[in-house]
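Beneath this line is the structure, given in structure tokens, with notes to follow.
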Amino acid sequence: MSFPLLTATAALPAVGAIATAAVPAERRTAAKWLALLVSLGTLALGAVQLVRFEPGGDRYQLTESHAWIKDFGVRYELGVDGIGVALIALTALLIPFIIVAGWHDADPLETHNSRWRPTQGFFALILAVEAMVVLSFEATDVFLFYILFEAMLIPMYFLIGGFGDRAHEHGDEAAATQRSYAAVKFLLYNLVGGLIMLAAVIGLYVVAGTFSLDEIAAARANGSLDMATNTERLLFLGFFFAFAVKAPLWPLHTWLPNAMGEATAPVAVLITAVVDKVGTFAMLRFCLQLFPEASKWATPVILVLAVISIIYGALLAVGQRDIKRLVAYASISHFGFIVMGIFAMTTQGQSGATLYMVNHGISTAALMLVAGFLISRRGSRLIADYGGVQKVAPLLAGTFLVGGLATLSLPGLAPFVSEFLVLVGTFSRYPAIGVIATLGIVLAALYVLVLYQRTMTGPVKAEVQGMPDLKVRELLVVAPLIALLVFLGVYPKPLTDIVNPAVQHTMSDVHKKDPKPVVEAAQ
């Protein structure tokens with residue numbers, strides 16, 4: 001029996017979470033180091049997956065299949081395609097940086113009204129989320145995926161509600177109320193989406209008699225599974241609604257600014273750079289593969305929603321006074337680009353969307369973590385409370401600028417390649433949608449550059465005087481992310497070689513081919 005690499009990649013952080021939570025209360029530093037070592041071990045296993053994955057091989061590789069709940073036809077089935085293995089690598093890469101960035105976020109507060117914060121619990125919850133996200137990218141059984149899709153809400157709820165942003169704490173009961181509100185809103189939105197998806201999962205089993213993606217695909221290929229049109233559309237809507245909440249897509253997005261605003265910066269990165277990618281990934285793996293005709297039927301409406309997300313998120317980012325909420329609204333705009341690329345139904349669009357998931361994760365992590373370092377120094381999330389930071393902390397300002405330039409998709413940085421492919425792929429089939437979406441690029445330049453100008457340039461404010469520059473620990477977090485943004489911006493081929501074959505399979509699922517270029521005859 002071959003080594004179960006996929007199971008091991010998810011089991012290591014799960015076991016690590018239990019071990020970290022069990023560390024004695026007075027050994028907080030030991031718990032931190034244990035969590036970091038576990039995350040590095042998971043990164044090593046993710047790297048092994050990348051090495052063993054053959055882009056030109058079978059669609060799902062490194063597969064595992066075991067009986068689980070026989071009476072209900074549920075199996076423990078795992079497998080990765082190029083999209084899944086890329087997102088597992090992204091998750092495994094970001095978690096160590098999240099842990100190091102949040103090294104002191106769960107230490108006991110030194111205030112008269114502070115309560116002891118369980119450091120062990122904070123890092124254990126991060127590892128638990130990693131385990132569930134990795135396994136969700138590997139699951140090829142629909143019911144197994146659904147369980148993971150819902151279960152990851154529990155540790156995320158406690159990370160948002162129990163370990164919120166300290167900039168507004170210090171005995172402030174209103175801040176605790178806002179944090180609880182954000183956590184409950186996050187949970188309720190995603191639970192409603194999950195319950196609707198559960199109904200669709202049950203309906204799929206009634207129609208197909210199985211939860212296995214491979215068996216459903218085989219039944220479609222040999223003609224033994226023929227869904228009625230209305231049935232397929234209803235099932236598609238049940239799945240898509242849950243994924244649109246998780247993504248998040250307008251108008252189901254309103255939980256994200258609250259959650260990211262009240263969470264610590266590392267947890268905000270965990271939300272938008274890791275957990276939310278499960279929603280867009282699932283659109284490719286489940287919506288398009290299980291319901292190809294319904295996906296094409298719903299495409300016009302979804303593209304309109306995606307464009308609204310792009311423009312709406314960017315406009316609200318322009319008007320934000322809170323740094324973290326600005327990044328949250330920028331992410332809503334970026335997720336609009338991802339969804340637009342997926343449902344453009346072109347090779348360039350879907351390749352760009354997959355690259356966008358990876359590149360957005362890296363760029364958002366870089367920008368949000370540097371913003372977190374900035375906020376921890378000043379104790380405020382308000383843009384107006386800053387000014388002239390580049391004169392007293394040039395490294396902090398420089399890394400903040402690079403993260404911002406990546407967010408606006410500057411050529412030479414990784415997000416540019418993915419955004420360009422999404423726009424090209426969309427324009428070739430839906431030119432009007434592509435043209436409107438380009439407005440999001442202009443607005444992105446506006447909110448990023450205005451943010452930098454107001455916080456980093458101009459006269460040095462009195463409260464900023466004496467602000468320390470980035471420390472060694474913080475540089476160890478930011479420098480590799482910036483280096484990766486530059487590398488993938490200049491040379492994205494290693495990533496495109498992995499994801500392109502998987503995109504071709506998805507295009508085959510929906511029976512779509514790229515539109516031929518229209519060349520006007522010379523008059």
Side-chain angles (χ1 to χ4, degrees), residues 2 4-10 45-65 75-93 132-146 148-149 211-218 220-221 239 243 274 277-292 295 338-339 341-343 345-359 361 418 421 425 492-512:
S2 60
L5 179 59
L6 299 189
T7 294
T9 308
L45 291 175
V48 173
Q49 284 193 27
L50 275 176
V51 171
R52 291 188 57 185
F53 184 82
E54 298 177 7
D58 294 338
R59 180 171 190 174
Y60 294 113
Q61 300 179 32
L62 309 175
T63 56
E64 302 174 31
S65 181
R75 296 184 61 81
Y76 177 80
E77 286 191 346
L78 307 179
V80 288
D81 59 3
I83 300 169
V85 78
L87 291 175
I88 290 169
L90 171 69
T91 303
L93 174 71
M132 295 176 191
V133 170
V134 167
L135 201 55
S136 68
F137 290 141
E138 298 172 344
T140 56
D141 182 277
V142 178
F143 191 80
L144 173 61
F145 173 84
Y146 170 76
L148 297 165
F149 187 82
F211 292 113
S212 171
L213 278 177
D214 288 338
E215 293 180 8
I216 294 173
R220 279 190 174 278
F239 278 80
F243 303 152
V274 176
K277 297 301 186 300
V278 177
T280 47
F281 164 80
M283 291 179 189
L284 280 165
R285 172 165 285 189
F286 296 102
C287 286
L288 269 60
Q289 186 173 347
L290 294 174
F291 316 109
S295 297
I338 295 171
V339 174
I342 291 171
F343 285 89
M345 303 291 185
T346 60
T347 302
Q348 299 98 325
Q350 292 188 358
S351 294
T354 304
L355 292 178
Y356 216 132
M357 290 186 228
V358 176
N359 294 333
S418 44
L421 286 173
K493 187 175 184 296
L495 198 52
T496 57
D497 286 347
I498 292 173
V499 304
N500 282 344
V503 167
Q504 293 293 343
H505 284 297
T506 305
M507 291 288 290
S508 176
D509 289 334
V510 294
H511 309 293
K512 281 281 191 178

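For the single chain, residues carry numbers from 1 onward in sequence order.
- We find the CG-CE distance between L288 and M507 to be 9.5 Å, quoted to the nearest 0.5 Å.
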After noting the C-alpha distance and the side-chain angles of S65 and R75, does the key distance pass the side chain to side chain donor-acceptor pair (under 3.5 Å) rule?
CA-CA 7 Å; S65 181; R75 296 184 61 81; 2.9 Å; yes
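- In this structure, CG in L45 is found 11.0 Å from CZ in R52, a value given to the nearest 0.5 Å.
- No side-chain heavy atom of Q61 sits less than 4.5 Å from a side-chain heavy atom of Q49.
- Only one option out of T140, L144, T63 pairs with L78 in a side chain to side chain contact (heavy atoms under 4.5 Å, CB included); it is L144.
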Side chain to side chain donor-acceptor pair (under 3.5 Å) evaluation trace for Q289 with T506
CA-CA 7 Å; Q289 186 173 347; T506 305; over 6 Å; no
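- Side-chain N or O atoms of E138 include none that pairs as donor or acceptor with a backbone N or O of G79 at under 3.5 Å.
- Atom-to-atom distance recorded for I498:CD1 and K493:NZ is 10.5 Å, nearest 0.5 angstrom.
- The one candidate from F243, F239, F281 that meets the ring-ring contact (aromatic ring centres under 6.0 Å, His included) condition with F149 is F243.
- Taken from NZ in K277 to OG1 in T354, the straight-line distance is 12.0 Å, to the nearest 0.5 Å.
- Annotation: side chain of M357 is not in contact with side chain of L90 (no heavy-atom distance under 4.5 Å).
- With S351 contributing its side chain and T347 its backbone, the two residues share a donor-acceptor pair below 3.5 Å.
- Remark: the backbone N or O of P501 is not paired with any side-chain donor or acceptor of R59 at under 3.5 angstrom.
- Distance alone, capped at 3.5 Å, is enough to place a donor-acceptor pair between the S295 side chain and the C287 backbone.
- Note that NE2 of H505 is 8.0 Å distant from CG of D58, once rounded to the nearest 0.5 Å.
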